[in-house]
Amino acid sequence: MAKKIVTVLLGLTLPLLLAASIVSPSAGIVLLPVLCAMSYYFALHAGSWFFAVVSLPYLGIGFCVHGFNPFIVAGSAAVLCLTVPCLLHRKLPVWGEIAAGAAMCALAVCTVLGITALCRSGTITDVIVSQYAQSARDSVSVWAAKHVYARITETELGHAKLSAADKGYLSDVMAAYSAHVARELDGSLWWYLTGFGAFTGGVAVVGAIAVTRCRKQDVCPTAIGELRLGRNYLFAAVIPALCFAFLAFYEPMEQVVRTVVNLFVTLPTALCGITLLYHTLMRAKGKARIATAVVFWAIMGVAAFFYEWGMLILGFIGLADVILNVRKLLDWALE
């Protein structure tokens, strides 16, 4: 009964999230991890063709509304590329499936933006910045731009601020916002792209399998709540990555170091933090699990919305579990 209720709730929410992503491409960036997770959940039960059911309308309707928008194209590509780990679902261990989902989404995002940059004879940063500058019809972008414009100084802006009643106010706001985005991306482009893509794909697989609550004979061989990184991971990945981080003192290597640490430390430990949360929330019995499933999805949505902070906090939780086996301590304390 609980599973049916959760499925109905997700079925009602999915088209709403898809519509919001089409209406506001900027909102689609924030919603993409949850959209992918819900798509993956239904694809596990209905078949991998379900990704096309979500991806093609996303791309087609988005093109009709906005024309060519790289954010929508990258989002629809990320959804569609999850077909690969879904097809390998029964052949890969769970961590392999998670890694495949993370790799495919990161590849999809980087490929779409890279091809767009080549076609426009510019850089990926240019593509992203120009898209934000042209987002005056995107209510979420406008809201974010006005928030940035209110905080920016006239010295940074280069001229006196305009008021909402002044002619050219919105153009000035969007230009200031795109310049702000360019500053944020400076030196951190690959950290954002690979990190967001891998986070999206990893969360999609973890979230979908977690809510499915599969049994051994069903879809996945290992309970998602028991997936954790052992202490060997500290020696195999964390310590080497931290040693590699010393290369950041050589400025040309700084962006490479941030990307490597993000992919090999922050993202895996963040996913471990997600499985720890699932392990804890799913201790509830009976109908209470409906509430805990909703809470789990809500946490995933908040983590996606506040991507940088969400990933960092989940990463610390996961790293603590790697070192101390927090879930074992919780089981002991709650017995």
Side-chain angles (χ1 to χ4, degrees), residues 10-89 97-98 100-120 124 127-132 134-135 137-141 189 192-208 300-301 304-305 307:
L10 295 181
L12 293 173
T13 305
L14 179 59
L16 294 176
L17 291 180
L18 186 59
S21 300
I22 292 170
V23 170
S24 172
S26 295
I29 296 173
V30 175
L31 297 174
L32 185 60
V34 181
L35 185 66
C36 286
M38 290 186 177
S39 301
Y40 206 91
Y41 171 81
F42 286 108
L44 287 178
H45 298 278
S48 57
W49 55 268
F50 190 83
F51 292 115
V53 172
V54 177
S55 178
L56 296 182
Y58 187 10
L59 180 63
I61 299 173
F63 184 81
C64 292
V65 174
H66 299 283
F68 180 85
N69 186 304
F71 296 164
I72 287 180
V73 177
S76 60
V79 173
L80 189 61
C81 78
L82 287 173
T83 304
V84 175
C86 187
L87 287 173
L88 297 174
H89 180 66
E97 188 177 350
I98 294 169
M104 292 307 301
C105 279
L107 180 63
V109 170
C110 294
T111 299
V112 168
L113 293 176
I115 291 174
T116 304
L118 286 174
C119 293
R120 294 181 179 178
I124 294 177
V127 170
I128 297 171
V129 170
S130 64
Q131 193 59 52
Y132 277 112
Q134 300 166 21
S135 298
R137 293 173 56 196
D138 187 330
S139 58
V140 173
S141 279
L189 176 66
Y192 277 110
L193 290 186
T194 58
F196 178 74
F199 179 79
T200 297
V203 164
V205 177
V206 171
M300 294 303 98
F305 186 82
Y307 162 65

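Excluded from the calculations below are hydrogen atoms, water molecules and symmetry mates; all remaining heavy atoms, backbone and side chain alike, are included.
The nearest pair of heavy atoms linking Gly101 to Val205 is CA-CG2, 4.1 Å. Heavy-atom minimum distance, Ala20 versus Ala27: O-CB, 4.3 Å. Between Val109 and Gly197, the shortest heavy-atom distance links the atoms CG2-CA, 4.4 Å. Here the shortest heavy-atom pairing between Ala43 and Cys86 reads CB-SG, 3.9 Å. Nearest heavy-atom pair across Tyr58 and Gly75 is CE2-C, 3.6 Å. Here the shortest heavy-atom pairing between Gly62 and Ile72 reads CA-CD1, 3.8 Å.
Using a distance-only test at 3.5 Å, with no hydrogens or angles considered, no donor-acceptor pair links the side chain of Ser24 to the main chain of Ser21. At distances below 3.5 Å, at least one donor-acceptor pair connects side-chain atoms of Thr83 with backbone N or O atoms of Leu80.
Annotation: the span from Phe51 atom CZ to Cys36 atom SG amounts to 8.0 Å, rounded to 0.5 Å. Of the inter-residue distances, the one linking Phe42 atom CZ with Ser48 atom OG reads 16.0 Å to the nearest 0.5 angstrom. Note: Phe68 CZ to Thr116 OG1 = 3.5 Å, rounded to the nearest 0.5 Å. We find the CG-OG distance between Leu18 and Ser39 to be 8.0 Å, quoted to the nearest 0.5 Å. Interatomic distance, Asn69 CG to Ser26 OG, rounded to the nearest 0.5 Å: 8.0 Å. The structure places CZ of Arg120 at 13.0 Å from CD1 of Ile115, a figure rounded to the nearest 0.5 Å.
You'll find the side chain of Phe71 reaches within 4.5 Å of the side chain of Ile128, heavy atoms only. For the pair Thr194/Cys110, a side-chain contact is recorded, criterion being any heavy-atom separation below 4.5 Å from C-beta on.
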Note to self: Under the criterion side-chain contact (heavy atoms from CB on, under 4.5 Å), I'd like the reasoning laid out for Tyr41 against Leu14: C-alpha separation, chi angles, the key distance, then a yes or no.
What the structure shows: CA-CA 11 Å; Tyr41 171 81; Leu14 179 59; over 6 Å; no

